[in-house]
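Below is one structure, written out as structure tokens; comments come after it.
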2 protein chains.
Amino acid sequence: MKITSRFTVAVHTLLVIYYFSGKEKTTSDFIAASVNVNPVVIRRTLLSLKGAGMIEVKAGSGGADIVKDLKEITLYDVYRAVECVDGDLFHFHENPNPSCPVGRSIHSVLDVHLADAQAALENSLRGVTLAQIVQEFEAHRGA
Amino acid sequence: MKITSRFTVAVHTLLVIYYFSGKEKTTSDFIAASVNVNPVVIRRTLLSLKGAGMIEVKAGSGGADIVKDLKEITLYDVYRAVECVDGDLFHFHENPNPSCPVGRSIHSVLDVHLADAQAALENSLRGVTLAQIVQEFEAHRGA
DNA sequence: TTTTATTGTAATGTCAAGCATTACATCTAA
DNA sequence: TTAGATGTAATGCTTGACATTACAATAAAA
């Protein structure tokens with residue numbers, strides 16, 4: 001099991017828009033060439049990012065622009081925008097037997113810990129902004 | 001996307017073995033009745049848990065026993081035993097374009113943060129032992 | 001106003017994973 | 001030797017991810 005690549009594609013997409021904004025028309029074709037996926041995949045990604053209020057897309061004329069401060073976009077925001085995970089991260093088996101003492105209580109006991117683990121993951125993503133990622137890009141290029 | 005229910009099934013399985021050990025013959029059929037899945041699913045789970053050195057299964061005569069201190073089995077150990085996640089949790093798009101500055105560096109920049117998030121999840125699971133879960137069961141039953 | 005490039009979106013196909021289930025060879029204890 | 005289990009292969013179903021084709025709607029430029 002893996003978390004869908006829509007997430008890393010979306011981050012990549014935002015960075016391409018940021019870096020080429022003003023210099024190139026950042027169409028779905030242009031972005032797709034950098035990410036190396038089908039342009040339709042990028043268009044769907046753009047739709048999600050637009051829905052999350054991060055970008056503006058120009059239908060017809062083409063291109064996208066970032067309309068939110070990169071300091072205020074975290075990896076978690078992107079992760080949410082593309083709906084990597086549908087509610088609970090862990091899939092709990094549906095119908096434990098309520099006439100068994102273990103089956104009866106396992107949900108309430110385990111749920112807390114699963115939620116904690118999921119929160120740990122998401123908080124980690126919340127701790128990283130795109131502004132920070134951009135900085136790291138500069139550092140990486142300098143190296 | 002969700003992490004496979006093999007994980008919660010495995011935890012449930014271990015708890016059933018623990019609670020009924022000595023009182024009932026904990027066969028795959030018996031456990032399956034509590035978890036409410038097909039017995040073959042339980043047999044495969046038992047294989048994984050046996051492989052991880054947590055239980056002993058009696059082929060032929062039937063039944064399973066825990067052979068490791070519950071204080072030394074964490075949720076992370078179970079999660080690993082049933083192979084919920086194959087290596088990296090996040091699926092990175094495979095071939096970013098190396099002739100684009102973004103495509104060239106995105107892997108190295110992003111990987112660190114993805115690994116951090118995954119580690120946060122796993123460390124959270126590492127912090128909970130089955131012994132603790134059993135205690136919480138008692139508390140839950142008393143309430 | 002027509003053309004042209006682009007987005008928005010539906011439809012389709014392929015592939016892999018998860019889970020359920022049947023079937024049966026193998027094993028062990030009574 | 002028999003009865004009840006496990007170990008394991010095989011099969012089918014369903015779902016989700018991803019790729020791709022196609023085309024209507026849109027907007028800017030000619």
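Lettering of chains follows the sequences in order, A, B, ..., and the numbering in each one begins at 1. Because the structure is a prediction, the values reported are computed rather than measured.
- Note: Y19(B) and F137(B) meet the aromatic proximity criterion, with ring centroids under 6.0 Å apart.
- Of all nucleotides listed (dA23(C), dT7(C), dA20(C)), dA23(C) comes nearest to the side chain of R43(B).
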CA sep, side-chain torsions, deciding dist, call: T13(A), I17(A), side-chain contact (heavy atoms from CB on, under 4.5 Å): CA-CA 6 Å; T13(A) 296; I17(A) 297 172; 4.0 Å; yes
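- At the heavy-atom level, K2(A) lies nowhere under 4.0 Å from the strands shown.
- For S28(A), no side-chain nitrogen or oxygen approaches OP1 or OP2 of dT6(C) to under 4.0 Å.
- Residue contacts for L46(B): at a heavy-atom cut-off of 4.0 Å it reaches no nucleic acid atom on any strand shown.
- Separating the CG atom of L47(B) from the P atom of dC27(C) is a distance of 14 Å, rounded to the nearest angstrom.
- When rounded to the nearest whole Å, the span between CG of N36(B) and C1' of dT21(C) equals 14 Å.
- The nucleotide whose nearest atom lies closest to any side-chain atom of N38(B) is, among dT21(C), dT8(D), dA19(D), dT21(C).
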Quick one: which protein N/O atoms are closer than 3.5 Å to N/O atoms of nucleotides 14-18 of chain D? Pair and distance per line, please.
{"unit_1": "dC18(D)", "atom_1": "OP1", "unit_2": "S5(A)", "atom_2": "N", "d": "3.0"}
{"unit_1": "dC18(D)", "atom_1": "OP1", "unit_2": "S5(A)", "atom_2": "OG", "d": "2.7"}
{"unit_1": "dC18(D)", "atom_1": "OP2", "unit_2": "T4(A)", "atom_2": "OG1", "d": "2.3"}

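- When only modelled atom types and interatomic distance are considered, E136(A) and H113(B) share a side-chain donor-acceptor pair under 3.5 Å.
- Atom C1' of nucleotide dT7(C) and atom CG of L49(A) are separated by 15 Å, given to the nearest angstrom.
- Nearest-nucleotide positions on DNA chain D place A59(B) closer to the 5' end than the other of V40(A) and A59(B).
- Rounded to whole angstrom, the span from the CZ atom of F30(B) across to the P atom of dT6(D) amounts to 12 Å.
- Here dG18(C) presents its C1' atom at 16 Å from CG of D86(A), a figure rounded to the nearest Å.
- Following chains of ILVMFWY side-chain contacts shorter than 4.5 Å, one can reach I66(B) starting from L46(B), so the two form part of one hydrophobic cluster.
- Salt bridge annotation for D65(B)-K58(B): present, with a cationic side-chain nitrogen under 4.0 angstrom from a carboxylate oxygen.
- Between H93(A) and H12(B), the ring planes are tilted. Angles from 30° to 60° get that label.
- Put simply, CD1 on I42(B) is 16 Å from C1' on dT8(D), counting in whole angstrom units.
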R126(A) vs T74(A), side-chain hydrogen bond (donor to acceptor under 3.5 Å, both in side chains): CA-CA, chis, key distance, verdict: CA-CA 5 Å; R126(A) 252 187 276 266; T74(A) 68; over 6 Å; no
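- For the pair E24(B) CD and dA5(D) P, the interatomic distance rounds to 12 Å; values are reported in whole Å.
- The phosphate of dT6(D) (OP1 or OP2) has no side-chain N or O of K50(B) nearer than 4.0 angstrom.
- Look at CG on D29(B): it is 18 Å from P on dA3(D), rounded to the nearest Å.
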